[in-house]
Every structure is written in structure tokens, then in C-alpha cells.
Amino acid sequence: MAREIDVLREQNRKLYEALRWYESENFLKYSVVQKAVFKGDGDDILGNSVAAQSCLAPLITEYEKHLEVLNGQLKYYQKQMGEMKLQLENVIKENERSELSRQKLHTQELLSQLEMANEKVVENEKLILEHQEKANRLQRRLSQAEERAASASQQLSVITVQRRKAASMMNLENI
């Protein structure tokens, strides 16, 4: 805002300088009536009006030239602004594409890691099943061995009882 005020002050100063220059250049060209108006001696409103119009014409011309310059600058800046907007939109689109690409790459990496983890899970599940089958086989063998041991123990007990009976009978016969 302060910059705009400074620009307007500078333009006002330039216009004032142009007015002073036109007044100094054209003062000698004015008619006697116009000189009287400038000096304050003219009470004629029509004369004052003619003098004022002849004095204002160069100012208006200068003002119009200055307006044309400003309009040219305005069009130039509007064109620049339009180009900057297009560039900004392109940068935003490129950033969005870049971000999408980055996210897609990250997603692919995560999917790859997930696939590897799934493969390990499947492999571990197979190993667990194999170990469970092996443990079940060992448990069956252990149960069979315990049964055989129990049967053998029973047979041994029966044999031991029979031997004791036989030994006691032999002792009785020997008596």
C-alpha cells in the first residue's frame, strides 16, 4: 500500500512539473486576456473560461499521454499476471503428479513388503504343520512305547509272580 502511495505521489509530482513547464513555455504565447486572467486582472467569466481551456488543453493532452502509458503498463502487468497464473497452475499440477508418483512408489514398496511377509507367513505355517505332524508321530510312538512298556511290565510282573510261586513250590518240595 505504501509503495502505491509513493508511486501516486511520484506521478503527481511529474504532472505538476509538466504543468509548470507548460505554463512557463506557453505563458508568452497567451493573449492579453489570458495574461490578465493569470495575473488576476480579468473579471470576465467567459474570458476566464477561454483562458482556462487554453491553459488546460496541454495539461489534458499530457494527462491523456500519461494515461496511455499507464494503460499500457496495466495491460503488460495483466499479461504477466496471466502468464504467472498459468505457470503457477503448471507447477501445482506437476507437484500433484510428483506427489502422486511418490505415493504410488511408496505404496508399491509397501505392497512388495507385504507380499514378502505373506510368503514368510505361508512358509512358517508349513513349517508349523510339519513340526505338528512330527510331534504327533513322536507322541504316537511314545504312546505305543509306553503301552509296550506297560505290557512288558505286566508280563514281567506275571513272570515274577510265577517264578516266585515256582520257587516257593520248589522250596516246599525240598522240605
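These numbers come from a predicted model, not from an experiment. We use all heavy atoms of the structure for the numbers below, so side chains are in, but hydrogens, waters and symmetry mates are not.
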Notebook entry, point to check: Side chains of Leu74 and Leu70: closer than 4.5 Å at any heavy-atom pair?
Noted result: no

Next item on the list: Give a yes or no on whether Arg97 atom CZ has more than 12 heavy-atom contacts from other residues, nucleotides or ligands under 6.0 Å away.
Entry: yes

Item checked: SB check Arg13 Glu17 (cutoff 4.0 Å) -> yes

Margin query: When you compare the side chain of Leu105 with that of Gln108, does any pair of heavy atoms fall below 4.5 Å?
Written below: yes

Check: When rounded to the nearest 0.5 angstrom, what is the spacing between OG in Ser101 and NE2 in His106?
Finding: 14.5 Å

Notebook entry, point to check: What is the distance from atom NZ of Lys79 to atom CE of Met84, rounded to the nearest 0.5 Å?
Noted result: 13.0 Å

Next item on the list: Rounded to the nearest 0.5 Å, what's the gap from CG on Leu100 to CG on Asn95? Could you check?
Entry: 11.0 Å

Note to self: Using the salt bridge (charged side-chain N to carboxylate O under 4.0 Å, His left out) criterion, which residues pair with Glu146? Sequence neighbours excluded.
What the structure shows: none

Notebook entry, point to check: Taking the side chain from Ser157 and the backbone from Ser153, do they hold a donor-acceptor pair closer than 3.5 Å?
Noted result: yes

Check: Who are the side chain to side chain donor-acceptor pair (under 3.5 Å) partners of Arg102, not counting sequence neighbours?
Finding: Glu99

Checklist line | Test item: Gln11 and Lys14 side chains (from C-beta on) under 4.5 Å apart, heavy atoms | finding: no

Item checked: Arg9 and Asp6, any side-chain heavy atoms less than 4.5 Å apart -> yes

Checklist line | His131 vs Leu127 side-chain heavy atoms within contact, under 4.5 Å | finding: yes

Next item on the list: Check the pair Val7, Glu10 against side-chain contact (heavy atoms from CB on, under 4.5 Å), reporting the backbone distance first and the verdict last.
Entry: CA-CA 5 Å; Val7 169; Glu10 180 64 21; 5.7 Å; no

Next item on the list: With rounding to the nearest 0.5 Å, note down the distance linking CG in Asn71 to CG in Leu67.
Entry: 6.0 Å

Item checked: Gln162 side, atom CD; Met169 side, atom CE - distance, nearest 0.5 Å -> 11.0 Å

Next item on the list: Could you list who else is in Tyr77's hydrophobic cluster, with ILVMFWY side chains joined at under 4.5 Å, directly or through other members?
Entry: Tyr76

Notebook entry, point to check: Given Leu142 and Leu138, is the side-chain contact (heavy atoms from CB on, under 4.5 Å) satisfied, shown in steps?
Noted result: CA-CA 6 Å; Leu142 178 63; Leu138 289 174; over 6 Å; no

Item checked: Ser151 side-chain N/O to Glu147 backbone N/O, donor-acceptor pair under 3.5 Å -> no

Check: If you measure from CD on Gln87 to CD1 on Ile92, what distance do you get to the nearest 0.5 Å?
Finding: 12.0 Å

Checklist line | Atom CD of Gln154 with >12 non-hydrogen neighbours under 6.0 angstrom | finding: no

Margin query: Tell me whether Thr160 contacts the main-chain N or O of Leu156 through its side chain, where contact means a donor paired with an acceptor under 3.5 Å.
Written below: yes

